[in-house]
Amino acid sequence: MRHLEGAYALIFKSQHYPNELIACKRGSPLLLGVKELNEDICNGSAFSDSKFVSKDGAPKELFLSSDANALIEHTKKVLVIEDGEVVHLKDGGVSILKFENDKGRRGSGLSRPASVQRALSVLEMEVEQINKGKYEHYMQKEIHEQPESLTTTMRGRLICGGSCKSQTVLLGGLKDHLKTIRRSRRIVFIGCGTSYNAALAARPILEELSGVPVTMEIASDLLDRQGPIYREDTTVFVSQSGETADTLRALEYALENGALCVGITNTVGSAIARHTHCGVHINAGCEIGVASTKAYTSQIVVMAMLALAIGADTISNQARREAIIDGLFDLPSKVREALKLDQEMKELAKLLMNEQSLLVFGRGYNYATALEGALKVKEVALMHSEGILAGEMKHGPLALVDETLPIFVIATHDACFSKQQSVIHQLHARKGRLIVMCSKGDAASVCPGESCRVIEVPHVEDCLQPVVNIVPLQLLAYHLTVLRGYNVDQPRNLAKSVTTE
Ligand code: AGP
């Protein structure tokens, strides 16, 4: 360990040391699962050496895993192994030793590692959550679960007034830090992939309600540039797994620079949840498909709630906040309505399954939807797809337009609607092969003379529209993948948690 660089979680077994196992980690996640504990070492008690041998001397079952999902069918009791710790399993007993980072690196005297004492945690998930149920794939299940996952994300966090008029938002993990966030010089969102896209979708409402400038950072790029992060910044780390290596490194970097670090993750006890100063769990339930779907929509909702909480001290935006809170209450039913497009998206997938490429145009709140929709298509359907900011159309992408290339345009009703209408006209003029997503009832105004294929989605408050709009694109990506015969839940070359840089 003293010689290794980078992130790792390793398990060693040797024929020279039968009945022994050594595990260690730095940067990557590692959990020790413990099955059938005695009463006296159940949740909350401190862990120490050899307690895992029962009175009759029989060893308990012990599991090592990088992910709680793999443990849950065996045990809910886990010990989260920290960086620099070494787990030693011998003849059914366990000891955990902590090696100080730099001790013994130079010179001859290797310091004696300290023995670790720590409480066991209990995983808050059920084995049913990792079953596919009536669905064929996890991705399909997770897409269809979204009305419920969104409800869970919001549970206990939206507070009604006396007349049950929606009033306010309560984010327990942040309440002591809201003043600091309001006073910060900038809010910096940091994440990768879908989590970055979710933050991008929430950015406009955060800017609007908080009045604080919001900037976006892809974690790896921030690290490559060693971009400036200041003590006066609030940095928000968005990650489904809470273990993404780039995001974790960016968190270490922000901590070193003295910024307030907020975590938004789906994984209780993950490295990002543990190392940030405060945060919000998105409570979307465990997500198994490599393609992130329900975590994306829950992340947007949490960040919209974050915007509401930060902006709660401003009277002038009260009506707007109330409208958004009302919209949040209605959101699960609107997503349920959008899920009814399943068959329509399957038909569209049949039409597109042999294409090489798909462009997705969006702007404003739905620039993120374009990026995320395209990411889903390329990630699982293995079809080239690009999300394009519609305002950039004439600065390059327009050259690609012809009668063959399918183009998906998101034109739901918001402040950018007329601009999107104009984009559609221009694409039309170049004989573009258009598929337009619009708000219910808008078909005639986006697609005069039925010249293109239209997908109508339910209308919600503008800042929540990305949550509804991504649903048809998730369904499209799913059906394209099945039709093209690729692995839906484990796309080639990808991993659910990217724990190396
Ligand atoms: C999403 O479909 C991807 N699998 C990927 O982009 C993912 O969002 C990214 O690796 C970040 O993961 P995280 O949210 O666990 O940090």
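Just so you know, these numbers use all the heavy atoms, side chains as well, and skip hydrogens, waters and symmetry mates. Computed from a prediction, not measured in an experiment: that's the story for all the values here. All ligand and atom numbering here is 1-based and tracks the order in the structure.
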*Proximal candidate to atom 9 (C) of ligand 1 [heavy atom criterion; set G191, A495, A219, C192]*: C192
*asked:* Under 4.0 Å from a heavy atom of S292: which atoms of ligand 1 are those, numbered in the order shown and with their elements?
replied: 1 (C), 2 (O)
*Salt-bridge contact K132-E136 (side-chain N to carboxylate O under 4.0 Å)*: no
*asked:* Which residue and atom name correspond to the protein heavy atom nearest atom 15 (O) of ligand 1, and how close is it?
replied: S241 OG, 2.6 Å
*For atom 13 (P) of ligand 1, find the nearest protein heavy atom and state the residue, atom name and distance (0.1 Å precision).*
T244 OG1, 3.2 Å
*Return a yes/no value for T194: is any of its N or O atoms, backbone included, closer than 3.5 angstrom to an N or O of ligand 1?*
yes
*Just wondering, do H137 and V482 contact through their side chains at under 4.5 Å, heavy atoms?*
yes
*Contact atoms of ligand 1, heavy-atom distance to A291 under 4.0 Å*: 2 (O)
*Within-4.5 Å side-chain heavy-atom neighbours: I187 and P213*: no
*asked:* Is there a polar contact between ligand 1 and K496, counting only N or O atoms under 3.5 Å apart?
replied: no
*Is there a side-chain contact between V436 and R453, using heavy atoms and a 4.5 Å cut-off?*
no
_Interfacing atoms of ligand 1 (cut-off 4.0 Å, heavy-atom, S195)_ = 8 (O), 13 (P), 14 (O)
*So is K35 actually on top of F63's ring, under 6.0 Å and inside 45° of the axis?*
no
*Cationic N near anionic O, under 4.0 Å, K340 to E337*: no
*asked:* If the contact criterion is a heavy-atom separation under 4.0 Å, does S497 count as touching ligand 1?
replied: no
*Can you check whether V290 has an N/O within less than 3.5 Å of an N/O in ligand 1?*
yes
*So between E379, E287, Q299, whose heavy atom ends up nearest atom 4 (N) of ligand 1?*
E379
*Can a cation-pi geometry be assigned to R186 and Y230, taking NZ or CZ under 6.0 Å from the six-membered ring centre and within 45° of the ring axis?*
no
_If the threshold is 4.0 Å, N to carboxylate O, is there a salt bridge linking E355 and R484?_
no
*Taking heavy atoms and a distance under 4.0 Å, where does V498 meet ligand 1: side chain, backbone, both or neither?*
side chain
*Does any N/O atom on T247 come nearer than 3.5 Å to any N/O atom on ligand 1?*
no
*How long is the span from the OG atom in S385 to the CG atom in L476, to the nearest 0.5 Å?*
8.5 Å
*May I ask you to test the L352-R433 pair for a side-chain heavy-atom distance under 4.5 Å?*
yes
*asked:* Yes or no: does K376 have any heavy atom under 4.0 Å from an atom of ligand 1?
replied: yes
*Could you list the atoms of ligand 1 found under 4.0 angstrom from a heavy atom of Q240?*
13 (P), 14 (O), 15 (O), 16 (O)
